[in-house]
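When reading the values below, keep in mind they use all heavy atoms of this one structure, side chains included, and skip hydrogens, waters and symmetry mates. Because the structure is a prediction, the values reported are computed rather than measured.
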Amino acid sequence: MLENNRANYRDMTKSMGKKEFTLLKMQEYGFWPKDLPTPFEKQENESKEDYKKRKALLKEYENIISDMSTLYSQKSEIDCKLNELKTQYNKTFDSEQIRREIARHIMEESIERRRIKKEEKELEKKKVYEAYQKRKKENIIFIGRNYSASLKYKEYNEERLNKFDLPVIKNDKDLANFLDIEYKTLRFLTYHRDVLNIDNYNRYKIAKKKGGFRQIAAPKTKLKKAQRKILDDILVKIPVSKSANGFLKNTSVLTGANTHFTKTQLLINMDIKDFFPTINFKRVLGMFKSFGYSPYISSLLAILCTYCERTEMKIKDEIKYIRTSNRILPQGAPSSPMITNIICNNLDRRLEGLSKKYEFNYSRYADDLSFSLNNKLDENNSLILEFYKYINKVINEEGFEVNVNKTRFLRQNNSQSITGIIINNEELGVSKKWLKILRATIYNTKKSKNNNEKISLDKIQEIKGKIAWLNMVNKDRYKTIIDDAKELIKDL
């Protein structure tokens, strides 16, 4: 029935026209009074009220005509789409097929969105990489895993640098100029690698007096030159404790021994365990930062002044040097001894104050600590034990550890020795045992010389070294043996 009505409406519209048909239906449904003249009829004797009413109805009539036109247009588009769908699905409405088709369209759109997002992400990644490569080319922005964290901080304290009369180094280019090396050389020297093809250090062992070996790492030429520059123009300008006697101008093992050369009632000798390895990259970094340098420059300087212990290994017919430790202070680098003095500055001051409280004298030569008491010993030793306990506490708090096996308590009836120098005789000297061995070496070398036997270079160097030591300790006391040795090696 609904379909028949629609057909009748279409026929009437065609025969009468849209406007006439619309007016007819408005009259039929009471929207246009039948006694009111139509818009198409001439109006006679029309009052103002009727005219106003007729104008309002005419406006409404025109709006309805416009809406109908829009609806017919929309209906036409819908009909076209329906016809297309009917044709596509063989004039049937298969809901499952439509569902699959919609799902396919959704999937295609999702794939396209992902593709676009992936391209945008790759483009952004490419931009970041290119920016990184540009920065990497222009500046040192990475010096190895676990060592690059501070490179992003570049603020420095110029006032503090001026306080110590230190060179102002703002960036890596300034550092290369300061060290008088090429920028590419600086990049090479400040890059930490776990595996090396070329080692920047010559590594060897030297025998210890009391057995075992000491690992020595001596930097090669370019690195040594940089470390020497850091030492001469930065490190030596930093004030250190008066108790430090090693590696400083006008100090030696002799000045340390003289600190305790009196009627010493008790001498306590202590040794710091793994002294150089305990001073790691982080501590050296903090030291340079304390001077006023930026964390960026401090990181580069710390890399230059530290190294890794390594083992040599052959991999695919090539020699590689494999890291076996974190970066630590190398024994053999010109900068290392002064760095130990600076880092131990607070340790020295604390031990000085503690020693003064308990009426002891204190001195330090590298990792050798000496404490001497001139007053009468406490009979129950309670103060000595208390003093010793606090020494250990201070050393531990400063990041070090006492080598208990090398701790010695020496009274007057013992041979009181500090760094190889005997202090409880009338004058400074060396041990009788050491002197006896030297005399035997000189005697046997003379005997070999008289028999025209070949004297090894090592033996000659050994004698030279020992008489140089005697000459420094007390040349007047040992004049006879020194002259005897010099006469012996004169013609060798």
Could you tell me whether the side chains of [X] and [Y] share a donor-acceptor contact shorter than 3.5 Å?
X      : Y      : result
Tyr183 : Arg187 : yes
Thr251 : Asn245 : no
Asn346 : Glu398 : yes
His260 : Asn258 : no

Is it true that atom [atom1] of [X] has more than 12 heavy atoms of other residues, nucleotides or ligands lying nearer than 6.0 Å?
X      : atom1 : value
Glu182 : CD    : no
Lys356 : NZ    : no
Lys154 : NZ    : yes
Lys320 : NZ    : yes
Phe409 : CZ    : yes
Lys173 : NZ    : yes
Tyr390 : OH    : no
Glu159 : CD    : no

State plainly whether the residues [X] and [Y] are in salt-bridge range, i.e. N to O under 4.0 Å.
X      : Y      : answer
Arg350 : Glu397 : yes
Glu120 : Lys117 : no
Lys466 : Glu462 : yes
Arg115 : Glu112 : yes

Report yes or no: does [X] contribute a side-chain atom to a donor-acceptor pair with the main-chain N or O of [Y] at less than 3.5 Å?
X      : Y      : result
Asp165 : Lys237 : no
Asp484 : Thr480 : no
Arg323 : His192 : no
Asn424 : Asn414 : yes
Ser298 : Lys289 : yes
Arg477 : Glu427 : yes
Asp368 : Ile418 : no
Gln227 : Leu304 : yes
Tyr156 : Leu161 : no
Ser325 : Glu309 : yes

Just how far is it from atom [atom1] of [X] to atom [atom2] of [Y], taken to the nearest 0.5 Å?
X      : Y      : atom1 : atom2 : value
Ile339 : Met287 : CD1   : CE    : 4.5 Å
Tyr362 : Ser241 : OH    : OG    : 6.5 Å
Tyr153 : Leu151 : OH    : CG    : 10.5 Å
Ile391 : Leu369 : CD1   : CG    : 8.0 Å
Ile481 : Leu488 : CD1   : CG    : 11.0 Å
Lys118 : Ile111 : NZ    : CD1   : 12.5 Å

Is there a side-chain contact between [X] and [Y] in this structure, where contact means two heavy atoms from C-beta onward sitting under 4.5 Å apart?
X      : Y      : result
Phe288 : Ile230 : yes
Leu179 : Thr185 : no
Ile322 : Arg310 : no
Phe178 : Leu186 : no

Member of Lys225, Lys229, Arg228 meeting the salt bridge (Lys or Arg N to Asp or Glu O under 4.0 Å) criterion with Asp180
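Exactly one candidate clears the test, Lys225.
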
To check you understand the geometry: which heavy-atom pair defines the closest contact between [X] and [Y], and what is its length?
X      : Y      : result
Asn200 : Leu223 : CB-CD2, 4.0 Å
Leu248 : Val240 : CD1-CG2, 3.7 Å
Thr278 : Gly399 : CG2-O, 3.1 Å

Taking the inter-plane angle between the rings of Phe387 and Tyr358 on a 0 to 90° scale, is it parallel (under 30°), tilted (30 to 60°) or perpendicular (over 60°)?
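Taking Tyr358 first and then Phe387, their aromatic rings sit tilted (interplane angle of 30° to 60°).
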
Derivation and outcome, side chain to side chain contact (heavy atoms under 4.5 Å, CB included), residues Arg283 and Leu329:
CA-CA 10 Å; Arg283 297 182 77 169; Leu329 208 58; over 6 Å; no

Could you walk me through whether Thr407 and Asn269 pass the side chain to side chain contact (heavy atoms under 4.5 Å, CB included) check?
CA-CA 6 Å; Thr407 299; Asn269 284 335; over 6 Å; no

Do Asp172 and Tyr296 pass the side-chain hydrogen bond (donor to acceptor under 3.5 Å, both in side chains) test, and can you show the C-alpha distance, the side-chain angles, and the key distance before you say yes or no?
CA-CA 9 Å; Asp172 50 359; Tyr296 177 78; 3.1 Å; yes

Looking at the rings of Tyr201 and Tyr307, which for Trp means the six-membered one, are their centres under 6.0 Å apart?
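Yes: the rings meet the under 6.0 Å criterion.
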
